[in-house]
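This report concerns only the one structure given below.
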Amino acid sequence: MLADIKGLNEECGVFGIWGHPDAAQLTYYGLHSLQHRGQEGAGIVVTNGERLRTHKGSGLVNEVFGKGELENLIGHGAIGHVRYSTAGGNELANVQPLLFRSQTSSLALAHNGNLVNANALKHQLESQGSIFQTTSDTEVLAHLIKRSSYTTLKEKVQNALTMLKGAYAFLVMTEKEMMVALDPNGLRPLSLGILGDAYVVASETCAFDVVGATYVRDVQPGELLIINEDGLKVDSFSTSVQRSMCSMEYIYFSRPDSNIEGINVHAARKSLGKKMFEEAPVEADVVTGVPDSSISAAIGYAEASGIPYEIGLIKNRYVGRTFIQPSQELRELGVKMKLSPVRGIVEGKRVVMVDDSIVRGTTSRRIVKMLRAAGATEVHVRITAPPIAHPCYYGIDTSERAELIASKYSVEEIREIIGADSLSFISVEGLMEGIGRSNAEPNCGQCLACFTGRYPTEIYPDTVLPYEKELV
Ligand code: SF4
């Protein structure tokens, strides 16, 4: 699936390391492997024990750190961030980590997720005299920490975290230590690893493989890890926890070589493909997946059905990220530039096209059209996510509800709109079984809110888009 033309984007990825002389360089490589989680900005803050130094900018990791900037980032601890901007806009000030300097100690913050009560907290803090430097929801945590009446930094951070609602994987760093916190619902993945004597944390385990770190465990909801010269201490800030891991991490966002709570993402997608076949078999000549994230599911569908898997669509990796599409014709051309059918494979064939989601429907329609133009006699679309009918408030840009095709149309109507011969979405039950997390009931253990509308946290009025106000 092609995120930038489909309208489904991850918000961020975080990476942190403590106790390594090449902390900034390793963070650079870690961020590189998390690049799929955000391409609009990147940054690193490093500490040498005395001072925090930073460099950040707009663009890809290798663009931001392309001119020797890492050479100035010397220290044994670092946190880094890649950003896709949904909350707060795309100005440089919002690129993370955010760094706040004060007389006593500085504070750097990197955040993956989205706070649902950020506006309410901002109003409250502004009425108490806080002045915000950014429009990012992340800055709220810095103000809450600074304003806390507790004595130690650990207590201040714990106290501040109890006031936040929503999705957050936070890395907090001062000159002397790094703290790692995950929201009580554990909506976003966050893992802990070791590299020699150093501790490493990352949004996805694929970053550990790149830097040579060994996975230790996933960070638990409500947990606060404190890492400093004394080593790692495990504490918490909430005992009222209920894991609600984002299902879309398995379906689409995470890299196939990452494991989320012990489940490999490629294996989960393959299993979703198998489930998809069980739920919606069809007679066809060839199975193909929309690259890259649907390839694993297409292989699963092919294996279960006995229909051969083929590469029927090719992704062009060298198309610029910011292709401007001012007209319908150019938008069509944009999709053609990004994705091409393999005529020799699909011509004269009945094709099963496996994709991971339908957001607005426009991309699916174009791909179906493309396959038919390349000679496919039938196109059967199989989607390994249930219909996305509700917006996400937890850091995934799933568009406004008004733009979500499944919020307005039935499956049969969507089939007609995208021009497929048949269309099936995986069921919520099939999704849960396919991923393989043990769920006693919906929303226990796994967030399904964009499919079911049942949100694992309270949704505050000010997180709701204007159009949504009467609907939630
Ligand atoms: S609402 Fe959907 S995209 Fe958002 S966290 Fe839940 S499962 Fe993930």
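Just so you know, ligand 1 is whichever comes first in the structure, and atom 1 is the first atom listed for that ligand.
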key: Charged N-O contact under 4.0 Å between R37 and E249   = yes
ask   = So, K233 and E177, do they make that salt bridge, N to O below 4.0 Å?
value = no
Under 4.0 Å from a heavy atom of [X]: which atoms of ligand 1 are those, numbered in the order shown and with their elements?
X    : value
C246 : 3 (S), 5 (S), 7 (S), 8 (Fe)
M248 : 3 (S)
S247 : 7 (S)
C450 : 1 (S), 2 (Fe), 3 (S), 7 (S)
A449 : 1 (S)
I396 : 3 (S)
Y394 : 5 (S)

inquiry  = With the threshold set at under 4.0 angstrom, would you say R188 reaches ligand 1 through any of its heavy atoms?
reply    = yes
query = If we ignore angles and hydrogens, is there a donor and acceptor under 3.5 Å between the side chains of E413 and S410?
reply =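 Yes, a side-chain donor-acceptor pair sits under 3.5 Å.
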inquiry  = Distance alone, cut at 3.5 Å: any donor-acceptor contact between the side chains of T138 and Q96?
reply    = yes
inquiry  = Just to verify, which of V172, I227, L109, L225 counts as forming a side chain to side chain contact (heavy atoms under 4.5 Å, CB included) with M179?
reply    = V172
note = Exactly one candidate in L232, L192, V14, V219 meets side chain to side chain contact (heavy atoms under 4.5 Å, CB included) with V180; the answer is V219
message = Between C447 and atom 4 (Fe) of ligand 1, is there a contact where an N/O/S atom of the residue lies under 2.8 Å from the metal?
response = no
Heavy-atom check, side chain of N159 versus side chain of F237, under 4.5 Å = no
